Amino acid sequence: MDDEYAKLIRRMNPPRVVIDNNACENATVIQVDSVNKHGILLDVVQVISDMNLIITKAYISSDGVWFMDVFNVIDHNGNKIRDKEVIDYIQRRLENNPSFAPSMRESVGVVPTEEHTVIELTGTDRPGLLSEICAVLTDLHCNVVTAEIWTHNTRAAAVVHVTDDSSGSAIKDPSRLSTIRDLLSNVLRGSNDPKTARTTLSPPGVTNRDRRLHQIMFADRDYERIEREGRGGLRDRDKRPLPHVTVVDCVEKDYTVVTMRAKDRPKLLFDIVCTLTDMQYVVFHGVVQTLRTEAFQEFYIRHVDGFPISSEAERERLVQCLEAAIERRASEGMELELCTEDRVGLLSDITRIFRENSLCIKRAEISTEDGKARDTFYVTDVTGNPVDPKIIDSIRRQIGDKVLKVKHNSNLSPKGPQPTTIGFLLGNFFKARSLQNFKLIKSYS
């Protein structure tokens, strides 16, 4: 009855969305007013993320039964959103956006749909793993249509959409699906880690692909590697800047305050909100701001049961999980962009060439559109160090200079600005502060 009543209230009070290009000099302002429900913030941020828009500022408030968010967004060129069709599409999506129910599935799942078969994988990362997976799929006459692969703390996860290479449609034969699952599981079982030995045939479900990757790696407990490696072990070797995450109490207002500072990048807010939502936390107030190349985020949260975080162990776990959420999608190494006519076995051939030249794929985004393959790879050498430019030149000669291009090299990026003094971004909203919070402000600077 409570669920039906909540649905009735939402139907009587549909979301109101205002998209304004005049309210801000350098960004398009999107304001969303709606009846509050758990996960609505993620629904809104996911729509903006799916449109590949960059959020430069955000103000979030959802106390009581009403939800109000304001987002300043720009496109990847730093411009306002001027295209009326795009604006109308965003408005329709936000006003009619369905909720994406989480589905915590196991290590390897195979999901048939009408257009393609969805394969989910997770296991221990190692050089050449993606090449082996692609070779198996090619041998099984599967064509990779789209895929996304993440690696983090020695773990790897992938969501791969494949079709039958002869029919171009989804693979539905149960025995063939079982064979695909078993052979891919054998590839993932290449190490002694018992996690990689689990395989399941997943039930159908509809979940955003990026969110599924977060869920897969979270279920695989990749965040625990931070603790097992130690604060000076894994992090010192790769020399990457740490995200700064703090979780403290706001006793006067009965909230837990989560503050983050990290290198800014697309979809950063989505990754944070996705993790908070799937960990069953509710954001009541929040502020997001980007300053040059850095992003600052602050959220006042409680657990879905209405209580703030009550133990040091839970605080530490949340810090670890948010650090992992920030790092999973972080661009590492050299970014290579492949654009060419698609064909069966193309991805297998490309990844084999990478493996033969001792390149390690840290992250990959694979897509096919109108017969064209558009793939992005983030690569290092097998030790995690920058790739020798001579090796890239050699690979480009094999594949084609116009086919494979160096899009970005993170190792040549300029250093970000030095940390500046910053306190709670919502300090003017909540005047009362405990002594502990003031100590945090001093340490955070």
Side-chain angles (χ1 to χ4, degrees), residues 26-28 30 39 41-60 69-78 81 148 150-153 157 208-215 217-218 222-223 226 240-247 257-279 281 283 285-301 318-333 335 362-363 365 376 378 408 410 413-417 419-420 422 425-426 444:
N26 51 16
T28 298
I30 301 176
L41 175 59
L42 177 59
D43 290 344
V44 173
V45 173
Q46 183 172 299
V47 170
I48 297 173
S49 175
D50 288 346
M51 295 298 295
N52 291 319
L53 301 179
I54 298 172
I55 299 172
T56 58
K57 288 183 181 180
Y59 303 91
I60 299 157
D69 275 11
V70 179
F71 300 93
N72 288 16
V73 302
I74 56 176
D75 62 20
H76 276 270
N77 296 319
I81 316 305
E148 189 152 358
W150 291 0
T151 64
H152 179 248
N153 284 346
N208 173 274
R209 186 174 66 183
D210 290 351
R211 187 175 183 185
R212 275 303 300 142
L213 284 164
H214 277 299
Q215 290 175 344
M217 300 203 86
F218 177 80
D222 69 311
Y223 55 87
I226 297 172
R240 283 179 295 167
L242 283 170
H244 187 106
V245 181
T246 57
V247 178
V257 185
V258 179
T259 310
M260 281 151 290
R261 182 177 67 206
K263 182 180 178 181
D264 190 31
R265 59 166 175 78
K267 298 188 178 183
L268 178 61
L269 178 60
F270 170 84
D271 294 337
I272 295 298
V273 174
C274 179
T275 299
L276 289 172
T277 303
D278 284 339
M279 292 183 72
Y281 294 109
V283 176
H285 300 282
V287 172
V288 175
Q289 186 170 4
T290 58
L291 301 174
R292 298 182 185 176
T293 61
E294 280 192 297
F296 302 91
Q297 300 181 14
E298 178 179 287
F299 302 107
Y300 286 70
I301 68 169
L318 179 57
V319 169
Q320 290 180 346
C321 291
L322 291 175
E323 287 178 347
I326 293 170
E327 293 174 340
R328 287 171 191 149
R329 206 201 296 263
S331 299
E332 180 182 349
E335 182 180 354
K362 295 295 185 181
R363 188 161 65 89
E365 299 171 8
T376 302
Y378 298 84
H408 178 69
S410 65
S413 300
K415 293 183 179 179
T420 55
I422 181 168
L425 298 178
L426 280 177
Y444 193 43

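Computed from a prediction, not measured in an experiment: that's the story for all the values here.
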From I54 CD1 over to D75 CG, what is the distance, rounded to the nearest 0.5 angstrom? 7.5 Å
Please walk me through it: do D264 and T293 pass side chain to side chain contact (heavy atoms under 4.5 Å, CB included)? CA-CA 5 Å; D264 190 31; T293 61; 5.5 Å; no
Which heavy atom of D210 sits nearest to which heavy atom of E148, and what is that distance? OD1-OE1, 3.2 Å
Roughly how far, to the nearest 0.5 Å, is CD1 of I48 from CG of L53? 7.0 Å
Shortest non-hydrogen contact from T275 toward A325: OG1-CB, 3.1 Å
Within-4.5 Å side-chain heavy-atom neighbours: I326 and I272: yes
Step-by-step side chain to side chain contact (heavy atoms under 4.5 Å, CB included) determination, R329 to D271: CA-CA 8 Å; R329 206 201 296 263; D271 294 337; 2.6 Å; yes
Look at the aromatic rings of F270 and H214 and report parallel, tilted or perpendicular, splitting at 30° and 60°. tilted
I'd like to know whether D222 forms a side chain to side chain contact (heavy atoms under 4.5 Å, CB included) with R328, so could you lay out the CA-CA distance, the side-chain angles of the two residues, the decisive distance to 0.1 Å, and finally the verdict. CA-CA 10 Å; D222 69 311; R328 287 171 191 149; 2.8 Å; yes
Given salt bridge (Lys or Arg N to Asp or Glu O under 4.0 Å), test R363 with E365 step by step and report yes or no. CA-CA 7 Å; R363 188 161 65 89; E365 299 171 8; 2.9 Å; yes
Rounded to the nearest 0.5 Å, the OH atom of Y378 sits from the NZ atom of K362 at a distance of 14.5 Å
Nearest heavy atoms of Q320 and Y223, plus distance in Å: O-CB, 3.8 Å
Let me see the working for L318 and L276 under side chain to side chain contact (heavy atoms under 4.5 Å, CB included), right down to the final yes or no. CA-CA 8 Å; L318 179 57; L276 289 172; 4.0 Å; yes
Is there a side-chain contact between M260 and P243, using heavy atoms and a 4.5 Å cut-off? no
side-chain contact (heavy atoms from CB on, under 4.5 Å) against A58, all qualifying residues, sequence neighbours excluded: I55, F71, V288
Taken in chain and number order and not counting sequence neighbours, the residues that satisfy side-chain contact (heavy atoms from CB on, under 4.5 Å) with T277 are H38, L42, R211, V273
List the atom of K263, the atom of L268, and the distance in Å for their closest heavy-atom pair. O-CD2, 4.0 Å
For a 4.5 angstrom cut-off between non-hydrogen side-chain atoms, does V247 reach V258? yes
So, the side chain of S49 versus the backbone of K267: is there a donor-acceptor pair under 3.5 Å, distance only? no
With sequence neighbours left out, write down each residue that passes side-chain contact (heavy atoms from CB on, under 4.5 Å) with N26, or none if nothing qualifies. C24
Nearest non-hydrogen partners of M217 and T151, listed with the distance: CE-C, 4.3 Å
Measuring from T259:OG1 to Y300:OH, what's the distance to the nearest 0.5 Å? 7.5 Å
Reported NE2-to-CG distance for the pair H76 and N52, which is rounded to 0.5 angstrom: 4.5 Å
Just verifying a value: how many Å separate L322 CG and T246 OG1, rounded to the nearest 0.5 Å? 10.0 Å
